[in-house]
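A short write-up of the structure that comes next.
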Amino acid sequence: MASFFKTQKGLLPRVELSPINERRWSNFKKNRRGYWSLWLFLVLFVLSLFAEFIANDKPIILSYEGDLHFPIFVEYSEQYFGGDFPTEADYRDPFVEDLIKEGDGWMVWPIIRYGYDTINRNTPTPVPSPPTSENWLGTDDQGRDVVARVIYGFRISILFGLTLTILSSIVGVTAGAIQGYFGGWTDLLFQRFIEIWTSIPTLYLIIIVAAVIEPSFWVLLGILLLLNWADLVGVVRAEFLRARNFQYVQAARALGVGDTVIMYRHILPNAIVATITLMPFILNGSITALTSLDFLGLGLPPGSPSLGELLKQGKANLHAPWLGISAFFSIAVMLSLLVFIGEAVRDAFDPRKVLA
């Protein structure tokens with residue numbers, strides 16, 4: 001229910017939680033480790049969404065002959081600034097910088113003047129080069145800035161994990177709801193199908209697909225979705241099996257309410273509690289799956305910003321410890337935060353849990 005509270009600008013709406021949700025939020029906040037992990041994870045994730053404004057080889061804003069330009073969003077050729085080539089301008093090139101200055105221009109650069117695929121050809125030592133004031137975590141074996149690749153790789157890992165978790169949860173919850181609600185032969189046949197389906201080796205399937213087509217973000221997402229949707233089926237099925245014979249469900253049937261309405265309006269809210277509790281751990285597994293595939297060379301296309309690929313480089317270049325250390329700590333921090341958040345969510349939704 002929404003109420004209102006008075007401020008200098010008038011009445012503003014204030015959302016009031018139900019008593020049970022208030023208790024859950026209170027329990028979540030009392031788990032200090034999970035609460036602060038949530039805020040830290042949100043800050044890191046939101047920053048990674050604006051990675052182009054943090055690490056890029058293009059200026060954020062450019063002024064040329066009195067006009068403002070935004071190279072991050074619009075591609076400008078070198079000829080536009082009076083150069084010779086019709087290709088996109090290399091704003092790090094001193095020649096292009098001089099052309100812009102001659103046009104009474106200026107540029108506002110991101111904090112890190114490297115994109116995830118920008119090659120630094122002026123490293124003080126052969127690549128992979130150690131950390132310097134220009135490359136804070138050094139470069140990889142192709143001369144690309146490690147900090148930029150970590151930022152972009154973090155974003156891809158989280159977006160991939162979230163997308164896979166949401167889609168697999170939708171499919172898994174739907175399948176579990178159908179099994180548990182109808183029971184009988186529907187439940188029996190579905191269970192045998194799941195046992196066969198989940199026995200398919202994911203790695204072998206991806207190796208076969210990689211031999212035919214080049215794996216991409218959406219191809220990998222589709223393959224893992226086909227094989228990982230069953231994670232929540234057992235939990236949701238058990239809840240529907242338990243609740244389908246409750247009196248309020250039988251009363252709804254007697255009143256002529258359809259099966260779909262009963263499933264998703266009356267029984268599903270009870271199953272959602274267990275689903276939400278498991279989702280942070282499923283997200284962890286999704287991110288780990290992508291990282292493992294990238295490490296084995298079966299993941300994202302070559303050149304993509306990937307924490308797994310950075311780990312692979314660290315393994316291949318033991319004389320450059322900053323590669324493995326950067327990837328390890330990035331993955332460790334990300335997964336640890338998600339585990340702490342998952343533990344806090346589990347405590348918040350546990351009716352027996354009372355935190356002091």
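From a predicted model like this one, the values you see are computed outputs, not experimental measurements.
Taken to the nearest 0.5 Å, the CH2 atom of Trp136 stands 4.5 Å off from the CD1 atom of Ile112. Atoms CG and CG, from Leu278 and Asp231 in turn, are 9.0 Å apart once rounded to the nearest 0.5 Å. Atom CG of residue Asn135 and atom CH2 of residue Trp322 lie 11.0 Å apart, to the nearest 0.5 angstrom. Phe53 contributes atom CZ, which lies 12.5 Å from atom CD1 of Ile111 (distance to the nearest 0.5 angstrom).
Under the 3.5 Å distance criterion, the side-chain polar atoms of Arg346 are left unmatched by any main-chain donor or acceptor of Thr277. When atom types are taken as modelled, the side chain of Ser304 and the backbone of Pro301 share a donor-acceptor pair closer than 3.5 angstrom. Under the 3.5 Å distance criterion, the side-chain polar atoms of Thr163 are matched with a main-chain donor or acceptor of Leu159. Of the possible polar contacts, one joining the Ser306 side chain to the Gly308 backbone as a donor-acceptor pair under 3.5 Å is found. Of the possible donor and acceptor atoms, one in the side chain of Gln250 sits under 3.5 Å from a partner among the backbone N and O of Asn245. Counting only distance, with no hydrogens or angles, the side chain of Asp140 and the backbone of Gly143 share a donor-acceptor pair below 3.5 Å. In this structure, Ser48 contributes its side chain and Ala51 its backbone to no donor-acceptor pair below 3.5 Å.
Geometrically, Arg92 engages Tyr114 in a cation-pi contact, judged by NZ or CZ lying under 6.0 Å from the ring centre and within 45° of the ring axis.
Remark: Arg253 CZ is packed, more than 12 non-hydrogen atoms of other residues, nucleotides or ligands lying under 6.0 Å away. Heavy-atom neighbours of Phe70 CZ from other residues, nucleotides or ligands within 6.0 Å: above the threshold of 12. The environment of Phe193 atom CZ is dense: over 12 non-hydrogen atoms of other residues, nucleotides or ligands sit within 6.0 angstrom. Other residues, nucleotides and ligands place no more than 12 heavy atoms under 6.0 Å from the CH2 atom of Trp36.
Salt bridge present: Arg113 and Glu97 bring a charged side-chain N and a carboxylate O closer than 4.0 Å. Contact check on Glu52 versus Lys58 returns no salt bridge, with no Lys/Arg side-chain nitrogen under 4.0 Å from an Asp/Glu carboxylate oxygen. At a threshold of 4.0 Å, the pair Asp187-Arg237 counts as salt-bridged, since one of the basic side-chain nitrogens sits closer than that to a carboxylate oxygen.
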Task: Test log, rule salt bridge (charged side-chain N to carboxylate O under 4.0 Å, His left out), inputs Glu309 and Lys312 - done: CA-CA 5 Å; Glu309 190 263 348; Lys312 182 180 179 182; over 6 Å; no

TODO: Show your working on ring-ring contact (aromatic ring centres under 6.0 Å, His included) between His69 and Tyr80 and close with a plain yes or no.
DONE: CA-CA 12 Å; His69 303 80; Tyr80 182 84; 5.3 Å; yes

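A side-chain donor-acceptor contact under 3.5 Å links Ser129 and Thr139. In summary, the side chains of Asn120 and Asp145 do not present any donor paired with an acceptor at a separation below 3.5 Å, with no hydrogens or angles considered. Under the 3.5 Å distance criterion, with hydrogens and angles disregarded, a donor-acceptor pair is assigned to the side chains of Asp259 and Tyr181.
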